[in-house]
Amino acid sequence: MIIFDFDQTLVDTSSVEHLRAARNWKAVMAQASKLPVYDGINELIQELYKAGQTIAIVTKSPDMVPKAFIKAHGWPIKIVVGYHHVKNRKPHPEGLLLAMSKAGALPDKTYHVGDQPQDTEASRGSNVIAVGSAWGCTDTAELEASKPDVLFLSVDELRKYFHSELGL
């Protein structure tokens, strides 16, 4: 199973960060179609799916934001855990544990890809493989200091890693 964070991991949401911080989700949704998906993400998601991987998104945003991208880009992602699905948001592992439970996935075969130290902490709390995604990261040093199991500066590096690890 591959669990992705959404903001700054799959999609560059930096232009709406001020709206996210204000929890103005209506305004975020109004801008959603203008937010760019990182180069290589669409292809990576399709490759993972074709290789039989269950893919999920666990986000601190409401699920309507990633669901809009799933629909617009035809992503084969059925499991989306937003902040309103859990009592405890990341860095608490509850969202990751819920996604794994829905998929029937085992922690030692689950990868969590995220751009924040809170993602690494959530990975540790749920005993999954912590994958740092620095391509959309505002502070690479902070992510690196959180000591994910692996850290990548580009989607292409992550793709090569999954090719090696999962035999894509």
Side-chain angles (χ1 to χ4, degrees), residues 1-49 53-103 105 110-123 125-126 128 130-143 146 148 152-155 158-159:
M1 174 175 207
I2 314 296
I3 302 172
F4 287 98
D5 175 48
F6 181 75
D7 300 285
Q8 300 308 111
T9 299
L10 298 176
V11 176
D12 183 352
T13 58
S14 58
S15 65
V16 294
E17 183 53 39
H18 64 290
L19 299 171
R20 291 180 68 238
R23 303 177 69 76
N24 185 346
W25 303 115
K26 186 176 180 180
V28 170
M29 288 303 294
Q31 297 295 315
S33 65
K34 298 174 189 160
L35 299 173
V37 173
Y38 287 107
D39 287 341
I41 287 294
N42 289 325
E43 297 80 7
L44 176 61
I45 288 173
Q46 294 300 333
E47 284 181 6
L48 290 168
Y49 177 73
Q53 291 294 318
T54 300
I55 307 165
I57 295 173
V58 175
T59 179
K60 292 189 283 187
S61 297
D63 68 353
M64 66 184 170
V65 181
K67 283 182 175 179
F69 279 83
I70 290 168
K71 185 176 180 183
H73 297 280
W75 291 345
I77 300 173
K78 306 245 184 295
I79 300 170
V80 179
V81 177
Y83 79 82
H84 51 284
H85 294 127
V86 295
K87 290 179 182 158
N88 303 292
R89 292 172 37 181
K90 289 188 276 182
H92 195 281
E94 183 180 355
L96 300 181
L97 295 170
L98 178 58
M100 287 189 298
S101 173
K102 287 179 179 222
T110 299
Y111 299 81
H112 177 223
V113 183
D115 68 306
Q116 296 288 317
Q118 294 91 340
D119 293 307
T120 304
E121 189 176 335
S123 297
S126 53
V128 303
V131 180
S133 59
W135 53 84
C137 196
T138 54
D139 188 348
T140 305
E142 192 175 278
L143 178 59
S146 73
F152 301 105
L153 300 176
S154 71
V155 176
L158 175 64
R159 192 176 191 187

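Keep in mind that this is a model prediction, so the values were computed, not measured.
Separation of atoms CG (Leu96) and NZ (Lys90) is listed at 7.0 Å; rounding is to 0.5 Å. Rounding to the nearest 0.5 Å gives a distance of 7.5 Å between OG of Ser126 and NE2 of His112. Taking CG of Leu19 as the reference point, atom NZ of Lys26 lies at 13.0 Å (rounded to 0.5 Å). Atom CZ in Arg159 sits 6.5 Å away from atom CG in Leu44 (nearest 0.5 Å). Distance check, rounded to the nearest 0.5 Å: CG of Leu158 to CH2 of Trp135 gives 4.5 Å. Taken from CD1 in Ile57 to CD1 in Ile70, the straight-line distance is 4.0 Å, to the nearest 0.5 Å.
Remark: Tyr83 OH is packed, more than 12 non-hydrogen atoms of other residues, nucleotides or ligands lying under 6.0 Å away. Other residues, nucleotides and ligands contribute over 12 non-hydrogen atoms within 6.0 Å of the CG atom of Asn24.
Glu94 places a side-chain N or O within donor-acceptor distance of the main-chain N or O of Lys87, the cut-off being under 3.5 Å. Without hydrogens or angle criteria, Ser101 side chain to Leu97 main chain gives no donor-acceptor distance under 3.5 Å. Proximity of a side-chain donor or acceptor of Thr59 to a complementary backbone N or O of Asp5 within less than 3.5 Å is not detected.
Ile3 pairs with exactly one of Thr54, Thr110, Ile55 by the side chain to side chain contact (heavy atoms under 4.5 Å, CB included) rule, that one being Thr110.
Residues Ser154 and Tyr38 are not in side-chain contact: their nearest non-hydrogen atoms beyond the backbone lie 4.5 Å or more apart. In this structure the side chain of Ser146 reaches within 4.5 angstrom of the side chain of Leu143, judged on heavy atoms. Taking the side chain as every heavy atom from C-beta outward, Phe152 and Val113 never approach each other to under 4.5 Å. Looking at heavy atoms from C-beta onward, Val128 lies in side-chain contact with Met100 at the 4.5 angstrom threshold. Using a 4.5 Å heavy-atom cutoff, the side chains of Ile45 and Leu10 are in contact.
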Determine all donor-acceptor pairs shorter than 3.5 Å in which one atom belongs to a side chain in residues 71-81; sequence neighbours excluded.
from: Trp75; atom 1: NE1; to: Asn42; atom 2: OD1; distance (Å): 2.6

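In this structure, the side-chain hydrogen bond (donor to acceptor under 3.5 Å, both in side chains) partners of Thr13, at least two apart in sequence or on a different chain, are Asp7, Gln8. Annotation: side-chain contact (heavy atoms from CB on, under 4.5 Å) contacts of Glu17 (sequence neighbours excluded): Arg20, Ala21.
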